[in-house]
There are 2 protein chains.
Amino acid sequence: MAEHETQWDFVGTRVRQARADAGMTVRELARRIGVSASHVSQVERGIGAFSVPALYAVARELDVSMHALLDPPDPSSSRDGRPGSAVVDLVEAGIVQRASEHPSIMLGSGPRWSRLTAGGEENAEFLEVVYAPRTARPDVDIRHEGREYGIVITGELTVEVDGATTTLGAGDSIVFDSTRPHRFWNSSDGEVRAIWFVRDTLPGEAAPHA
Amino acid sequence: MAEHETQWDFVGTRVRQARADAGMTVRELARRIGVSASHVSQVERGIGAFSVPALYAVARELDVSMHALLDPPDPSSSRDGRPGSAVVDLVEAGIVQRASEHPSIMLGSGPRWSRLTAGGEENAEFLEVVYAPRTARPDVDIRHEGREYGIVITGELTVEVDGATTTLGAGDSIVFDSTRPHRFWNSSDGEVRAIWFVRDTLPGEAAPHA
DNA sequence: ACGCAATGTACCGTGCCGCTTAACACTTGG
DNA sequence: CCAAGTGTTAAGCGGCACGGTACATTGCGT
């Protein structure tokens with residue numbers, strides 16, 4: 001390796017932190033990832049290091065990402081990168097959108113859509129949808145490219161995907177390819193609020209190289 | 001390591017793929033990550049492996065995430081098939097997840113994460129996160145690949161992105177590139193519920209390595 | 001007070017593998 | 001043809017990723 005590389009001793013600190021958060025002992029973690037307890041201890045104290053498989057097992061068992069363990073700690077000084085990219089106000093920067101300022105689209109008697117992003121995202125839509133009470137089942141179903149993720153916040157939403165129907169209560173979530181015919185409506189007496197994320201299909205996403 | 005460990009030879013294939021996509025030669029990549037060209041060749045052909053620092057350097061230079069290189073290849077291949085496979089039960093089909101069955105991960109005093117999708121999505125995470133009242137500001141920030149979308153359902157969540165801080169109330173949403181350092185915590189007295197969608201960087205988006 | 005179980009740690013190895021240098025075979029172009 | 005690039009192979013060194021064991025400490029229960 002080159003000589004200007006980073007010190008990787010903080011990895012041990014991260015592992016120890018994550019292990020403590022998970023309420024796991026050194027031996028327990030060691031058993032789960034298939035190494036000895038002493039080795040875990042050595043790594044956590046910075047006098048040793050995990051191999052790639054071992055570290056990956058750690059990330060899996062402690063349910064943290066590789067980057068959470070490996071990404072260098074906050075330089076704390078002004079980040080490199082484009083000068084002037086220093087964000088001072090998250091709202092002005094278009095990162096945070098206040099609830100009162102979500103542009104909403106009212107479609108007649110249909111649901112009210114609110115876009116939760118500032119600008120138009122390239123390949124995705126992040127939406128809050130409010131379905132008024134007692135709306136009828138739409139007589140047309142929807143099919144488009146992409147993949148759809150939704151969760152019902154309040155109320156009861158009736159969903160029909162591929163001809164199958166069920167009712168989603170508060171907290172229930174749904175994920176499916178948007179190419180399947182689907183329609184949603186609110187047959188209950190209460191208003192329904194839901195969060196939707198619609199992602200376009202990625203260009204090169206057929207099969208991960210044979 | 002345990003005896004039931006995975007074959008890690010696919011990592012080499014992924015590296016080769018990513019390197020080819022970046023239009024980089026073996027020697028060039030070797031020079032950038034600070035190892036010999038022959039070693040890169042050996043790793044790519046499965047007769048060798050990178051150390052953690054080396055692999056991390058590879059991910060940085062080729063602008064891919066650790067998980068893109070290390071996550072085991074598509075075990076959930078039972079992808080919802082062509083429209084025509086008549087779905088009878090949306091829950092059994094893995095399309096609908098009931099609120100009571102969301103696998104949740106409690107990280108000590110940290111927030112509670114609930115995965116809203118059935119299987120592991122390939123390039124995305126759809127999550128509900130509950131932050132307990134009066135949690136301290138995390139002492140490490142997060143940086144990873146991808147783009148992040150969030151909306152606060154109830155409570156008040158303090159967010160810090162790129163060093164700028166603000167508080168999100170119910171209905172407020174936030175969108176930003178996950179490569180920016182960020183951390184969230186709940187300094188209020190009430191519980192905070194939020195919905196997060198984390199999308200990996202699209203493979204078509206190349207890196208501007210000059 | 002005593003054990004005793006469980007925690008994390010120190011010490012002492014050793015075999016493996018991460019990595020190197022050197023040379024190889026092959027393609028391209030001038 | 002040679003020169004300069006590509007990826008590949010072979011042989012070997014040395015560090016470190018790991019295991020085993022013993023230890024100091026805390027916190028039980030009796």
Side-chain angles (χ1 to χ4, degrees), chain A residues 1-62 64 66 69-70 209-210, chain B residues 1-62 64 66 69-70 107-109 206 209-210:
Chain A
M1 288 293 300
E3 80 300 315
H4 60 294
E5 65 202 55
T6 332
Q7 313 288 344
W8 292 95
D9 47 355
F10 63 84
V11 174
T13 314
R14 304 257 178 92
V15 170
R16 166 155 294 187
Q17 178 72 41
R19 178 179 60 81
D21 286 349
M24 206 177 294
T25 91
V26 167
R27 286 182 219 277
E28 171 70 7
L29 176 61
R31 186 188 60 79
R32 294 207 191 194
I33 68 178
V35 302
S36 70
S38 61
H39 188 220
V40 171
S41 177
Q42 287 165 7
V43 171
E44 289 189 351
R45 306 189 51 232
I47 59 177
F50 281 130
S51 67
V52 169
L55 191 65
Y56 186 82
V58 167
R60 171 163 36 81
E61 292 301 326
L62 296 181
V64 297
M66 281 284 149
L69 297 174
L70 290 173
H209 61 72
Chain B
M1 289 295 305
E3 79 299 315
H4 59 296
E5 65 199 59
T6 332
Q7 316 287 347
W8 292 96
D9 47 356
F10 62 84
V11 175
T13 316
R14 304 253 180 97
V15 170
R16 166 156 295 186
Q17 179 71 40
R19 179 180 59 81
D21 287 350
M24 207 177 294
T25 116
V26 167
R27 283 176 165 83
E28 171 71 5
L29 176 61
R31 187 188 59 80
R32 295 207 190 195
I33 68 179
V35 301
S36 70
S38 64
H39 188 221
V40 171
S41 175
Q42 287 164 7
V43 171
E44 288 188 353
R45 305 192 52 232
I47 60 178
F50 280 132
S51 68
V52 169
L55 190 65
Y56 186 83
V58 167
R60 172 163 35 82
E61 292 302 324
L62 297 181
V64 297
M66 283 282 146
L69 298 174
L70 290 173
L107 291 175
S109 61
H209 30 57

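Numbered from 1 within each chain, the chains take letters A, B, ... in sequence-line order.
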Side-chain N,O ([X]) to OP1/OP2 ([N]) below 4.0 Å:
X       : N      : answer
A:Ser36 : D:dG20 : no
B:Thr25 : D:dG7  : yes
B:Arg19 : D:dT6  : no
B:Ser51 : C:dC17 : no

From [atom1] of [X] over to [atom2] of [N], roughly how many Å is that when rounded to an integer?
X       : N      : atom1 : atom2 : result
B:Leu29 : D:dT8  : CG    : P     : 13 Å
B:Glu44 : D:dT8  : CD    : P     : 7 Å
B:Ile33 : C:dG18 : CD1   : C1'   : 12 Å
A:Ile47 : C:dG8  : CD1   : C1'   : 12 Å
A:Arg31 : C:dT7  : CZ    : P     : 12 Å

message: Pick the closest DNA chain D nucleotide for B:His39 and for A:Ala37 by heavy atoms, then say which residue is nearer the 5' end.
response: B:His39

In terms of side-chain heavy atoms of [X], which of [options] is nearest?
X       : options                : answer
A:Ala49 : C:dT21, D:dA17, D:dG19 : D:dA17
A:Val35 : D:dC18, D:dT8, C:dG8   : D:dC18
A:Phe50 : C:dG8, D:dG7, D:dC18   : D:dC18

message: At less than 3.5 Å, do the side-chain atoms of B:Ser38 and the base atoms of C:dT21 form a donor-acceptor pair?
response: yes

field: Heavy-atom donor-acceptor pair, A:Arg27 side-chain to C:dG8 base, under 3.5 Å
entry: yes

task: List the steps, then state whether side chain to side chain contact (heavy atoms under 4.5 Å, CB included) holds for A:Val52 with B:Phe50.
output: CA-CA 8 Å; A:Val52 169; B:Phe50 280 132; 5.5 Å; no

task: Before giving the answer on side chain to side chain contact (heavy atoms under 4.5 Å, CB included), spell out for B:Leu70 and B:Leu55 the whole-Å C-alpha distance, their side-chain angles and the decisive distance to 0.1 Å.
output: CA-CA 10 Å; B:Leu70 290 173; B:Leu55 190 65; 3.8 Å; yes

message: Between B:Ile33 and B:Val40, does the side chain to side chain contact (heavy atoms under 4.5 Å, CB included) criterion hold? Intermediate values first, please.
response: CA-CA 10 Å; B:Ile33 68 179; B:Val40 171; 4.2 Å; yes

- request: Looking at every strand, decide which applies to A:Gln42 at a 4.0 Å heavy-atom threshold: base, sugar-phosphate, or nothing.
  value: base

task: Indicate yes or no for a side-chain donor-acceptor contact from A:Arg19 to the backbone of A:Met24 under 3.5 Å, with no hydrogens or angles considered.
output: yes

query: Which heavy atom in A:Val26 sits nearest to a heavy atom in A:Ser41, and how many Å separate them?
result: CG1-N, 4.2 Å

